[in-house]
Protein chains: 8
Amino acid sequence: MSGAGGIVLDDARAGRIGFDEAILCEQKTVPQIAEIASRSRDTVGRRLFTRLSAEKFAALPPDLCGAMIYDAQSRTAVLGATAPGAGPPRVAIVSAGSSDANVVAEAQATLAYFGQSTQKIEDVGVAGIWRLLERVDEIASMPVVIAVAGMDAALPTVLAGLVPSFVIGVPTSTGYGAARGGETALSAMLASCGPGLTVVNIDNGYGAACAAMRFLRM
Amino acid sequence: MSGAGGIVLDDARAGRIGFDEAILCEQKTVPQIAEIASRSRDTVGRRLFTRLSAEKFAALPPDLCGAMIYDAQSRTAVLGATAPGAGPPRVAIVSAGSSDANVVAEAQATLAYFGQSTQKIEDVGVAGIWRLLERVDEIASMPVVIAVAGMDAALPTVLAGLVPSFVIGVPTSTGYGAARGGETALSAMLASCGPGLTVVNIDNGYGAACAAMRFLRM
Amino acid sequence: MSGAGGIVLDDARAGRIGFDEAILCEQKTVPQIAEIASRSRDTVGRRLFTRLSAEKFAALPPDLCGAMIYDAQSRTAVLGATAPGAGPPRVAIVSAGSSDANVVAEAQATLAYFGQSTQKIEDVGVAGIWRLLERVDEIASMPVVIAVAGMDAALPTVLAGLVPSFVIGVPTSTGYGAARGGETALSAMLASCGPGLTVVNIDNGYGAACAAMRFLRM
Amino acid sequence: MSGAGGIVLDDARAGRIGFDEAILCEQKTVPQIAEIASRSRDTVGRRLFTRLSAEKFAALPPDLCGAMIYDAQSRTAVLGATAPGAGPPRVAIVSAGSSDANVVAEAQATLAYFGQSTQKIEDVGVAGIWRLLERVDEIASMPVVIAVAGMDAALPTVLAGLVPSFVIGVPTSTGYGAARGGETALSAMLASCGPGLTVVNIDNGYGAACAAMRFLRM
Amino acid sequence: MSGAGGIVLDDARAGRIGFDEAILCEQKTVPQIAEIASRSRDTVGRRLFTRLSAEKFAALPPDLCGAMIYDAQSRTAVLGATAPGAGPPRVAIVSAGSSDANVVAEAQATLAYFGQSTQKIEDVGVAGIWRLLERVDEIASMPVVIAVAGMDAALPTVLAGLVPSFVIGVPTSTGYGAARGGETALSAMLASCGPGLTVVNIDNGYGAACAAMRFLRM
Amino acid sequence: MSGAGGIVLDDARAGRIGFDEAILCEQKTVPQIAEIASRSRDTVGRRLFTRLSAEKFAALPPDLCGAMIYDAQSRTAVLGATAPGAGPPRVAIVSAGSSDANVVAEAQATLAYFGQSTQKIEDVGVAGIWRLLERVDEIASMPVVIAVAGMDAALPTVLAGLVPSFVIGVPTSTGYGAARGGETALSAMLASCGPGLTVVNIDNGYGAACAAMRFLRM
Amino acid sequence: MSGAGGIVLDDARAGRIGFDEAILCEQKTVPQIAEIASRSRDTVGRRLFTRLSAEKFAALPPDLCGAMIYDAQSRTAVLGATAPGAGPPRVAIVSAGSSDANVVAEAQATLAYFGQSTQKIEDVGVAGIWRLLERVDEIASMPVVIAVAGMDAALPTVLAGLVPSFVIGVPTSTGYGAARGGETALSAMLASCGPGLTVVNIDNGYGAACAAMRFLRM
Amino acid sequence: MSGAGGIVLDDARAGRIGFDEAILCEQKTVPQIAEIASRSRDTVGRRLFTRLSAEKFAALPPDLCGAMIYDAQSRTAVLGATAPGAGPPRVAIVSAGSSDANVVAEAQATLAYFGQSTQKIEDVGVAGIWRLLERVDEIASMPVVIAVAGMDAALPTVLAGLVPSFVIGVPTSTGYGAARGGETALSAMLASCGPGLTVVNIDNGYGAACAAMRFLRM
Ligand SMILES: Nc1ncnc2c1ncn2[C@@H]1O[C@H](COP(=O)(O)O)[C@@H](O)[C@H]1O
Ligand SMILES: Nc1ncnc2c1ncn2[C@@H]1O[C@H](COP(=O)(O)O)[C@@H](O)[C@H]1O
Ligand SMILES: Nc1ncnc2c1ncn2[C@@H]1O[C@H](COP(=O)(O)O)[C@@H](O)[C@H]1O
Ligand SMILES: Nc1ncnc2c1ncn2[C@@H]1O[C@H](COP(=O)(O)O)[C@@H](O)[C@H]1O
Ligand SMILES: [Mg+2]
Ligand SMILES: [Mg+2]
Ligand SMILES: [Mg+2]
Ligand SMILES: [Mg+2]
Ligand SMILES: [Mg+2]
Ligand SMILES: [Mg+2]
Ligand SMILES: [Mg+2]
Ligand SMILES: [Mg+2]
């Protein structure tokens, strides 16, 4: 396909680390995405696409489009079947505000693609801390907690002090001014006095889900 | 006095805004500080000196030294009498960790100089949130709360959601790495989802105390 | 409502801190905002929406739109009645330039929603300082002053040296180049030699108004 | 003890999250550290102290000093017995260069305090990638890998692509100029294309060890 | 031509340094670009235009448009003939991901304009390091290697440790959040422990190609 | 006029400092600009408007539009007559590249409004230093030199070492990547080893022209 | 002299631009400074040394030391005679606080070396604006004003709005926290709404004096 | 050796890339450096140590000290013989000021260790551009030019426009304030309009020398 660029898929990845390569679509062209989808359909049969805009998805060749399921909130598309997870969820996705919903959705969609169900507990930020305290036992019962928060991102610190679970913080770009597009949330989580809190990139719901996968598979 | 530099004290300040000029000693020379102390003794009779190192204090002429009381923890010196505040404290100074004690002390010393007693509630950071929850009623009973925190500075956000008091956040330089000398605490407080939280400069216990004075005098 | 995300309103907030939760609309979807408006209409009966674009407001279901009053300059919408404040204003909103008018409007709209009238004194920046000096007595008669300024934000420092009022600085994103979207105004206010000046986030007229509410209620 | 500041230990922490509070000594005074050591000896009987300089340790009262074991490389001190871990190590600590040895030591000392043995694999940075490739199988056999690297911190990315283990990256302040005291290593790990890599603060061997503890206890 | 601005072409450049001035079109107006193209056609007969959008190219006068060949991926246009390079390529352009394809294309187009053929080896980033290891001998056989990578940019470090070639790193703006538009890739390359790695500006495929030209002509 | 915001023109400015207030239109609304233009027409009779987009200018009431002359390149509009400067120019505006033409134009338009003619010497950046050396005598004959440069901004340093004139550097936002929107040019001019070089804000042709006016009037 | 490094003095500078090269001693070794002093004594007979610590001055060979006059406050040394300026001063050096005294001294010493007397007006910062207003007429009578200020640096903006003089702002590193070692003062001056304010580097009293020299010589 | 940390020397490096691993001593302990020196003496017989302070060198065991030659200016030590380069130098090291002498020395010492002689041309910065113009032919005759400059780093841009040689820019930490410890010099070189200029880390004379080695060996 012309304009598809030089593409080498890391198809040995699942064998090495336990889950396959997803495609970060943000800076890829439509022909590149189409080429990857087409190759994946013909070989391994499935693939997750992240940060895919509705416009780019719509511009893919109809047969590829038809073979994929697009989710606007998480901006993901899935090629091939998603194996539904058996058993109760082992990952909680907790968010500070409803403005963080897109990032929550990306984490959830990624885990679903990998066959894991999740428990969402949204909009429980610490400015009204009773919302979180009401759900602490439920959260503490999960081995992995993905804590999603923007602005000052106080939620993951409070959580890490309350539950024994493995906590993965995802700073979001929610907020303005001194929130600096998520930089403040990121720095706050890193400088947190909550012991053993780990962090991934700003808005990186995908990365948090991959970390959860590493945890669950061990 | 030779080497004392050109000094103009703003002696009309108390008349305009209700409290007199304090002297920020950090970048002043010993002769400059001595000149200010000497002039103050001979005119208004009292003065607060902030960010004064023990070394500089010790290097002042003995008669000036003798007329001042130095406090090592807050790095302040007071020339002249401190009028003890009558009645119960109306300002709580709440801190996240015991590493913030110097800044707590500067706020307390400044308010004491201005005749106000304070209630200290230290080391109640949100990584162990029960410590704060135990003291909420006490804090909520104070008109003004100075909330001192470093690292990710989650405490003031939680506080601002729990009490109706006027909350003044003081970010501190406690922490390392992504704490960036207090910048992260500062940004977190500014980007906070705690409604109506106000902020002063990093480690600026003096400024928080001055703001409290404006509040109390209104 | 589909796409509305997980929403938990902090309806106990007014009981705890004296004023109710406002909705920051910037990163919320239209279905989320509609869900919040609808729930609020059916329960507490009123709500303030901030940083709401005209486009999003127009996209709300007609019945909700009809129950709200939208103000384009402040980008706020009010659901339910606004109780007009009795008595003369106790808050002055002072701005450096007419480019700061949107932020002034957000502070004013928020205080109006909370039942407080305000006195606006605009475009009195210190490059032509006579404009400010003419109004000093008027400003000094107010218990609370919200000082709004962008660029180098020299106005709040000058004000804090002239009046005994409680001064809340709001840096704005006015300016270009080294103004860095409000970062310079923010830093200047924090590093100010004006004693007891407190600061909120860049362009955060809402936050300054909430701080004023805390003050007025004490 | 005079000068000890207001101290509230979070002694319920172990009950909530599975391991007890360690004391970050960097910005604490000697009297504060002594007070904490003394109280800990009299109550829970053990405590880990981090970022404790040799000077401060030596300045503690002799009886406390005698009750603690100080390790200069990790700058930690342990009060009370360290329960040696039974069984083979489940955590590998992998470092890019021998300049990262202090941070490796802090992670190791923390895990030892919590009763976990560790496997160190040092100085295997990717500028000479054969050093890492030789050890891949050994590393892949561990459930948790703490990957310590400064400068451009390419090691954790390469590792995350090679092993299925849970990888916790610790950026270090090794390097100069554009290494910016660890900021570049930190950003590189966060922006890494290694899927599911999690990150803690710069030089935070303690935090990585706490995260490992959360993992091992689940 | 009206609106063309004051233009002085550095036509002595090729005589001094061995290759002629290219035109950076990003902040130039269409009349300025047209003026330069027109003058170049009438004097030296050829010219390379970089960072030229398709919109601006289409807005040039038809006769100029017709005398130029535009390449959308590299955003370059060439006026006049491109002398095809004789012999096998002496420059490898290696990239970490297919998202870096535009920058690869700019380097390739520039070298082609200067008469040099190149060998492209794309999408061999270190998260799946076998892709790179498979091609090491091929890369090591080239005197010059242009290493293009975004995000954490670990590829150039690994390469610089594997091949004796002269390695020129080009950080790209690929990625999001902590990738900071290429700043992290840039800093990582500069702080790299890969000995003798040189670096050019973010996304500067043109600059890397010019450096390669300096190398090849020596 | 509705929506015009609170406007106070500093009409005493010319009396104090020698030239009148210009209007920075970037963050002002069309009604605000119209109100200012209308008031100015009715009082002092003239006014300079800067950073005015063609769209906003076109949206002004026709009678105001008709009373103003708009210049698209400098994005300025002039209300009222411009007094042409008598005698030869005393200000040179020297630029590094033709991409800096907008900023050159703003400086020129401002000086023209103030009655000063200027000598433009464009596109003489130091990558082809003969272009500058050819014009040194001409430049040295001017009392004031406005030196406009983006990217690494080496031109003003070289100039300041070659001519005795008063040199005012204007960094521009020309460039990409490490040029950081003009920040690098700004920092380079400030850190310059060219003795006595003064600097104004990024892209601030207006400010440089005002400084030149202060010079010429003394 | 061994260890003196390769030194080439720009002895033609005075002929080109009107004043001779000064020696920035901060990163030079004692042998380098000695070599420069020795050569200068033997050729042009005079030289200004800036940012010279008392320790380095004392370490120079005694004969050179004896031929120079060292001033501790400005950290300058002068070799050879300083021609006292005839007539009244034409440059005012105005400072915001007495903490800025070192920078004031450097500007004054530099102008003295160049034969210019100066008028110092110190400690007139805008937190007590009456101090400045009292001196406005005196300042306005000077052709050149060097305005020295740290922290939020509001003084130069106010000054530029009050006097017609040529104003050169010198940001200082006075302050802490958000003052960021002078960065905030620098940015505030650059983003200033004071028209025609020019700026030099942080703490660069020398550069401001050189700019004043360019002015006075024109 | 106790305290020597885990050390793995990359002894295959010379075989892969043509020159052996040097030891960056800045963050290594004396026992680590001693261990490396001792092992190197016993195996390959030679080694270069960089960023080694005089204090650490003096603290090495006497026999190791005696086997090494320490150079204070470059802060390097060489173990084993340095093979003197035959033939005329092919690398010029050009610096802007004598304050850059340490970095010049590091590049020179590294090349000497690798058997290459160099030609130094120091203190020819562009504030007095005649110094550079006098030496252009000499510089242009060298295949490789290492251009060392701090502050605004205009020299490498001017050089890259004048000579056809391969130019490697080394930004230095010379300067203060807006020089920001070399960040401005670094950014200026990266954003340079000098075509084909490559850059290494701040103060990285070692890295520039390694790049030169790659060049010379091809
Ligand atoms: N080296 C360390 N790095 C980061 N956090 C630490 C470290 N050591 C202890 N802590 C935690 O930091 C917090 C400090 O609280 P405080 O001592 O009250 O200021 C506690 O929750 C500790 O568990
Ligand atoms: N002055 C220096 N600047 C940058 N890198 C250096 C320097 N000296 C040695 N190196 C390299 O830095 C790397 C450091 O690795 P390590 O010593 O294991 O931390 C090695 O690859 C060295 O070749
Ligand atoms: N610790 C402090 N932090 C911030 N400002 C202070 C402090 N102490 C005193 N100040 C104020 O800082 C200003 C310094 O002015 P000057 O001493 O003239 O530089 C005065 O207005 C003081 O009231
Ligand atoms: N205090 C100072 N601040 C800034 N530049 C200075 C200062 N003192 C001298 N200079 C200039 O800095 C340049 C330094 O060049 P060099 O000494 O060769 O590194 C010379 O052009 C001096 O005129
Ligand atoms: Mg919410
Ligand atoms: Mg504590
Ligand atoms: Mg105005
Ligand atoms: Mg090593
Ligand atoms: Mg790929
Ligand atoms: Mg040009
Ligand atoms: Mg003062
Ligand atoms: Mg020099």
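Residue numbers start from 1 in every chain, and the chains themselves are labelled A, B, ... in the order their sequence lines are given, proteins ahead of strands.
- A:M151 and B:S192 get closest at one heavy-atom pair: CE-O, 4.4 Å.
- Contacts of A:A179 with chain B are made by both backbone and side-chain atoms, with heavy-atom separations under 4.5 Å.
- In terms of heavy atoms, B:T184 sits closest to A:A191 at CG2-CB, 4.4 Å.
- Put simply, of A:A127, A:A154, A:G161, A:A96, the one with the most heavy-atom pairs under 4.5 Å next to chain B is A:A127.
- Considering every non-hydrogen atom in both B:S187 and A:R180, the closest pair reads OG-NH1, 2.7 Å.
- Contact check for B:I129 versus A:I129: side-chain heavy atoms found under the 4.5 Å cut-off.
- Note: B:Y176 OH to A:L190 CG = 10.5 Å, rounded to the nearest 0.5 Å.
- Contacts between B:L133 and chain A at a heavy-atom distance below 4.5 Å involve the side chain alone, from C-beta outward.
- The only option from A:V158, A:V126, A:L155 that meets the side-chain contact (heavy atoms from CB on, under 4.5 Å) definition with B:T157 turns out to be A:V126.
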